[in-house]
Amino acid sequence: MDWLAVVVTVFRALISVAVIALGISWGIRGQMRVTLLVCAVLLVLGILWTNFAALLIPTLLLAYMAGVLTERGWFRRRA
């Protein structure tokens, strides 16, 4: 594997981590419109440019839902 492939792989991993962090943050704040707008942009990028952008859509939506569930306190013990 040459160095360019390694750099691209690391860049994709960092982008994926950033998308997860943004999705959780938007889910905690309840910013569904921002999340859907970003998903629409990623869909267009995925259609026109690369599959990687389209693969980020489910990642973003799942991270958003994790943020929503965290905000609602689904992990707290019920008494």
Side-chain angles (χ1 to χ4, degrees):
M1 190 183 274
D2 60 339
W3 65 272
L4 183 61
V6 171
V7 170
V8 169
T9 303
V10 168
F11 181 70
R12 285 183 175 185
L14 290 175
I15 295 254
S16 298
V17 169
V19 164
I20 291 170
L22 280 173
I24 290 173
S25 172
W26 291 334
I28 288 174
R29 289 191 237 144
Q31 296 177 337
M32 180 62 140
R33 288 183 184 169
V34 174
T35 305
L36 291 178
L37 176 68
V38 171
C39 284
V41 169
L42 287 173
L43 182 62
V44 169
L45 285 175
I47 290 170
L48 297 177
W49 183 49
T50 179
N51 264 351
F52 180 65
L55 289 173
L56 291 176
I57 294 171
T59 305
L60 181 62
L61 292 176
L62 287 172
Y64 176 83
M65 287 309 301
V68 168
L69 291 174
T70 301
E71 174 62 27
R72 293 186 180 176
W74 65 273
F75 56 87
R76 292 187 192 132
R77 187 175 182 190
R78 307 263 184 229

Residues which pass side-chain hydrogen bond (donor to acceptor under 3.5 Å, both in side chains) with S16, listed by chain and number, not counting sequence neighbours: none

Residues Y64, V68; criterion side-chain contact (heavy atoms from CB on, under 4.5 Å); working and verdict: CA-CA 6 Å; Y64 176 83; V68 168; 3.5 Å; yes

From I57 atom CD1 to L43 atom CG, the distance as rounded to the nearest 0.5 Å: 4.5 Å

Qualifying residue, where the test is side chain to side chain contact (heavy atoms under 4.5 Å, CB included) with R12 and the options are V8, T9, I15: V8

Cluster check L55, F11: I/L/V/M/F/W/Y, side chain < 4.5 angstrom: no

For I28 against G67, the heavy-atom pair lying closest together: CG1-O, 3.5 Å

L45: side chain to side chain contact (heavy atoms under 4.5 Å, CB included) partners, not counting sequence neighbours: V41, A53

CG-CG distance between L56 and L22, expressed to the nearest 0.5 angstrom: 11.0 Å

Note, M32 side chain near W26 side chain (heavy atom, < 4.5 Å): no

Value rounded to 0.5 Å, distance of OG1 in T70 from CE in M65: 10.0 Å

S25 side chain to A21 backbone, donor-acceptor under 3.5 Å: no

Side-chain heavy-atom pair T35, L60 within 4.5 angstrom cut-off: yes

Cluster link L61 to V19, ILVMFWY, side chain under 4.5 Å: yes

Any L42 side-chain heavy atom under 4.5 Å of V38 side chain: yes

